[in-house]
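Here is the structure we will look at, set down as structure tokens.
Side chains included, hydrogens not; waters and symmetry mates left out as well; all remaining heavy atoms used. When a ligand or atom number is given, it counts from 1 through the structure's own listing order.
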Amino acid sequence: MAEAKSGSMDKIVALCKRRGFIFQSSEIYGGIGGFWDYGPLGTELKRNVKDAWWQDMVRNPPPGPDGREFQMVGLDCSIIMNPKVWEASGHVGGFSDPMVDCRACKGRFREDQLDESPCPKKPSKMAGQHGDCDLTEPREFNLMFKTFIGALEDSSNVAYLRPETAQGIFANFKNVIDSSRVKLPLGIAQIGKSFRNEINPRNFTFRSREFEQYEIEFFCHEEEAPIWYEFWRDVRHSWYTGLGLTSEKLILRNHEGAELAHYAKACADVEYDFPFGLAELEGIANRTNYDLKAHMDKSGKDLSYFDPQRGEKGERYVPYVIEPSGGVDRSVLAFITEAYTVDENRASPELMKFHPRLAPIKAAIFPLVAKDGMPDIAKPIYDEIRKHHNCQYDAKQSIGKRYARMDEAGTPVCFTIDGQTKEDGTVTVRNRDDASQERIDKSRCLQYLQDQLAAD
Ligand code: ATP
């Protein structure tokens, strides 16, 4: 994957900080590499992305292929699990990238990324290319964060912060089947934090050490796995386009031959062409029944499923799994990148053209001036809309500055109460994308907004 620096990423990072989308974690202490905080606008945006995913994948997923029925349920697993989970999954043994250390600068670099990793002593040169560089042989470096449970810090108390949400789902497969009246094909979905001690966190939030994932493990019979794989690959790709990643920057890339993980039968990545290069937002894989079998071996528990609808007497089998596994922070960054627009015809040229479902603030209500009875008309409109949608009331500064602030936040519509409102009861509606204006009756503001949100 190409990940290089680009000028326009700097502008996006600057807007994110200035307008409170994303801050460096612990900034007042100089920050901490690979960790990020979401500010007020970023928190709303990220929440909208997660809500859209949950609504569109779990509560109201698209119809199955050829009218096939399926069920979706949710899980919310602990971050720290029994370490045996990570032995069974292969993370304790194998979740590592070969690394080289530099004896001269004490830097540590991924062996496969040496030509993208600047030498800390001379950043214009890459690691190993500066005369003083003194690299070791490659060594394995485990990406899982380690901690200790209880008072004693010894090897019997070691635990790990989960590096993916998937294993919590596999470990609970039987619990879900036994406790909920569900049958296969069944998807179990989870959104939650994961942690990886990335050697070279970079490209803003794209490669972080703490990040959030949205994952589905979709359990089905082996024979049906290829159909469900194609279904989920296409559903996940079109979910991103439906939420505004409509440009040619979004691609679906099928993995071939050697690129496939040893246990996977098929895999595709949804990738986005960021200013730093084409990079993965989500992977969709046919993982076979590798994980459930590994947990059966390690735990000694039977994780097979009896399917009464197969054959004459039913069939017992260990289900295959289709896994759409995405990163919330990466998709938030893609939505931000796609929304970022510069319109030189505006006094403040930067605006964020978020899809209305994702926009952190759905509407703003402005009295043109904070007197002449205008706030008295504006406040009830604000109070009505805020019961349903995140909206903002602002009576300070010139109206042009207030519109510009809302453009930068990506707010689709603004309602302005002005002199004419008192005469004929109409307000100005101002549209973010083309700055066009029209007048509607003040009683129609909420309905107008809801029509706009439903239209896209
Ligand atoms: P990469 O090759 O970019 O490291 P990966 O193939 O290891 O990613 P997976 O293990 O498939 O990633 O994880 C599923 C998803 O989790 C990824 O598609 C990505 O969106 C997200 N993800 C993985 N690692 C990170 C990270 N360090 N920071 C942010 N998101 C991540």
Note to self: Please list, in number order, the atoms of ligand 1 under 4.0 Å from a heavy atom of G326.
What the structure shows: 15 (C), 20 (O)
Next item on the list: Please work out which of the three classes, parallel, tilted or perpendicular, describes the rings of F354 and F21, given edges at 30° and 60°.
Entry: tilted
Check: Hey, is D329 one of the residues with a heavy atom under 4.0 angstrom from ligand 1?
Finding: no
Next item on the list: Just jot down the ligand 1 atoms closer than 4.0 angstrom to any heavy atom of E280, in number order.
Entry: 6 (O), 11 (O), 12 (O), 17 (C), 18 (O)
Note to self: Suppose we call two aromatic rings close when their centres sit under 6.0 Å apart. Are W228 and F70 close by that rule?
What the structure shows: yes
Next item on the list: Assess E164 for proximity to ligand 1: is some non-hydrogen atom of it under 4.0 Å away?
Entry: no
Next item on the list: Ignoring angles and geometry beyond distance, decide whether E215 reaches within less than 3.5 Å of ligand 1 through its nitrogen or oxygen atoms.
Entry: no
Next item on the list: Describe, in one word, how the ring planes of Y214 and W53 are oriented to each other, choosing from parallel (under 30°), tilted (30 to 60°) and perpendicular (over 60°).
Entry: parallel
Margin query: Side chain, backbone, both or neither: which applies to R207 and ligand 1 if a contact is any heavy-atom pair less than 4.0 Å apart?
Written below: both
Checklist line | Between S194 and E164: side-chain donor-acceptor atoms closer than 3.5 Å | finding: no
Check: Between E350 and K11, does at least one N-O distance fall below 4.0 Å, as a salt bridge requires?
Finding: no
Note to self: When you compare ligand 1 with L281, is there at least one nitrogen or oxygen pair between them that comes in under 3.5 angstrom?
What the structure shows: yes
Margin query: What I want to find out is whether D56 reaches R357 closely enough, with some N-O distance under 4.0 Å, to be called a salt bridge.
Written below: yes
